[in-house]
A.B. asks: 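Quick one: structure below, then a few questions.
Computed from heavy atoms alone, side chains included, the values below leave out hydrogens, waters and symmetry copies.
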Amino acid sequence: MQRISMLGSGFIGRFYADSLQGQRSRDKIVSIYSRREESAKKFADDYNVAHWTTDMEASIAHPDVNVVCISLPNNLHEAAVALCCKHKKGVICTKPLGRNAEEAKRMLEMVEAAGIFNGYLEDLVYTPKFLKALDSVQSGALGRILWAKSRETHPGPHSEWFWDKEQAGGGCILDLGCHCVEIARSFIGKDIKPVEVMCWADTQVKPIDAEDHAIGLVKYENGAIGQFEVSWTFRGGLDLRDEVMGTEGTIWLNSFLRTGFDMFTTGKGADYVAEKAESNTGWLFPVGDELNELGYNHMFADMFNAIENNRPARETFYDGYVVNAVLDAAYRSAASKQWEPVQLDIWRGQTGLTKPQTLVDYDADYYLVKEEMTHFGAKKLILKEKKSGQIIERVL
C-alpha cells in the first residue's frame, strides 16, 4: 500500500485521486495540500482524506506519507521536489517536469543526490492503445522507425495559471508538446538522441502572451523524425492522435474524440461528457473509461509497482528533463525560424549514431527499390543499377 501526499486539489489532482484510490484499491491519499483552505477541505471531504493543510511542507513531512504526488502549477514543482528531498520522500510529478530544461535538470540532480524514488507522470505513454502499439514497435512489427507523429489539440486548459506565461513557463508547446515529444521519443527509441528542432508557433486566437498553436519537427541522431502538432485553439473537444511509420509497417492511433462511442442528445439531463468536451448537446463522443483511456491507471500501477519492487519507473525525472530540453529547442526555433540544437547536458543513451544504410541488394548488379503485384497479376520490380545508378523496371 502506498500512502500519498497529494499536492494540489485542482482538476488534475482530482483526476489523479480518482485513479489512485480506484485501480489498485489499496493505495490511499493520507494528506492533501492546497493553497486555498476551502479547496483543501473540500478535497479531503470528497476523497475521505484524514489530513488537510495549506502548509506544503507539513503535508510532505506527514509521518504517514511515503510518496508525494505533485499536481501543482509548473512554477511550484521545483520547490515541492526540494522538500521531498529534504524529507526523503519518494516523489512523482505531473508533466511537464519543469518550465525549462534548467529547472528540470536541477530537479533531476536533487532527487538522484537524495537517493529517492522519482517518477514522471506522463500519462499518455501509458494509455492501453499506446502500450499495445509500443509493444508491436519494439517487437519489430514496423521495422526501423522512420517517423512518429503525435497530435494533441483542444480549446484550452482548465485553470487560470496555465494562461499566465510566468507561472506556466509557456503555452501549448509546454502544456501539450511534452506529451507529444515523449510519445514520439518512445516509438523512435528513448536511447536515440534528439539532436535538433524546427518549430513554428504563434498566438492566433487567445489574448495571452504565450503561443496557442504550434507545429514542430524533432530530428533524431539515427535519422528518424518526430513531429508534434499542438493547439489551444482547436474547436470540438480533445483530439489525441498518433501515427508511426516504419520500414515494414504503419500504426494509426486515435485515443480520444472519436472512440467508437457516438451519442446524440438534445441536452436534457446531460452533464459532463468527456474531458474538454465543448457541448453537452447534439452528436457527442463520450469516453467509456477516461481514467483508463488517458493512461492514469496504468501509470500509477507502474509507479507504485516500481517502488515496491525497487526498480525505476518507466518514466522518470530523467525523461522529463530530456523532454524539457527538446521543448526549449522548439521555443528557440520558433523565435529564430531556424533549426535549433537540443542542448542536453545529461545524456544517457546511445552516442555517435548515423543514418542506417538504406540500400537493399536484389542481386550482384542491382539494388531493390520496390516490389509490387500489378492489377493484371504480374509482379513488377523497380531496380537501381549499382554501377550506373540507372533506375529500371522489370516485369516478371
A.B. asks: Kindly state whether the ring of Phe234 and the ring of His154 have centres lying under 6.0 angstrom apart.
C.D. replies: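 Ring centroids of Phe234 and His154 are no less than 6.0 Å from each other.
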
A.B. asks: Less than 3.5 Å apart, any donor N or O on the side chain of Thr94 or Tyr16 sitting next to an acceptor on the other?
C.D. replies: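 Looking only at side-chain atoms, Tyr16 and Thr94 do form a donor-acceptor pair, the distance falling under 3.5 Å.
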
A.B. asks: Measuring from atom CG of Asp242 to atom CD of Glu152, what distance do you get when rounded to the nearest 0.5 angstrom?
C.D. replies: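 So the CG of Asp242 and the CD of Glu152 are separated by 9.5 Å.
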
A.B. asks: Assigning hydrophobic clusters by single linkage (Ile, Leu, Val, Met, Phe, Trp, Tyr; side-chain heavy-atom cutoff under 4.5 Å), is Phe11 placed with Phe300?
C.D. replies: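 Yes, one cluster joins them.
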
A.B. asks: Between Tyr367 and Lys386, is there a cation-pi geometry (under 6.0 Å to ring centre, at most 45° from the normal)?
C.D. replies: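 Positive - Lys386 is close enough to the ring of Tyr367 and near enough to its axis.
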
A.B. asks: Quiz question: by atom type and distance under 3.5 Å, do the side chains of Asn66 and Gln2 form a donor-acceptor pair?
C.D. replies: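 Yes, because at least one side-chain N or O of Asn66 sits under 3.5 Å from a partner of the opposite role on Gln2.
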
A.B. asks: Taking atom CH2 of Trp200 as the centre, report whether more than 12 heavy atoms of other residues, nucleotides or ligands fall under 6.0 Å from it.
C.D. replies: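 Yes, because the 6.0 Å sphere around CH2 of Trp200 holds more than 12 heavy atoms from other groups.
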
A.B. asks: For Phe130 together with Phe187, are the ring centres under 6.0 Å from each other?
C.D. replies: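 Distance test on ring centres: under 6.0 Å, yes.
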
A.B. asks: Are a donor atom and an acceptor atom from the side chains of Glu229 and His213 found within less than 3.5 Å of each other?
C.D. replies: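 Result is no, nothing qualifies.
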
A.B. asks: Is there a side-chain contact between Arg394 and Lys380 in this structure, where contact means two heavy atoms from C-beta onward sitting under 4.5 Å apart?
C.D. replies: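 Side-chain contact under 4.5 Å: no.
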
A.B. asks: May I ask you to check whether Phe15 and Tyr296 place their ring centres under 6.0 Å from each other?
C.D. replies: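 That pair passes the under 6.0 Å test.
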
A.B. asks: How about NZ on Lys337, more than 12 heavy atoms from neighbouring residues, nucleotides or ligands closer than 6.0 Å, or not?
C.D. replies: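 Yes, because the 6.0 Å sphere around NZ of Lys337 holds more than 12 heavy atoms from other groups.
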
A.B. asks: Whether the side chain of Asn324 engages the backbone of Ala101 through a donor-acceptor N/O pair (distance < 3.5 Å, no angle test) should be reported.
C.D. replies: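 No: the side chain of Asn324 does not pair with the backbone of Ala101.
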
A.B. asks: With side chains defined as the heavy atoms from C-beta onward, is the minimum distance between Met6 and Leu20 less than 4.5 Å?
C.D. replies: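 Met6 vs Leu20: side chains touch.
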
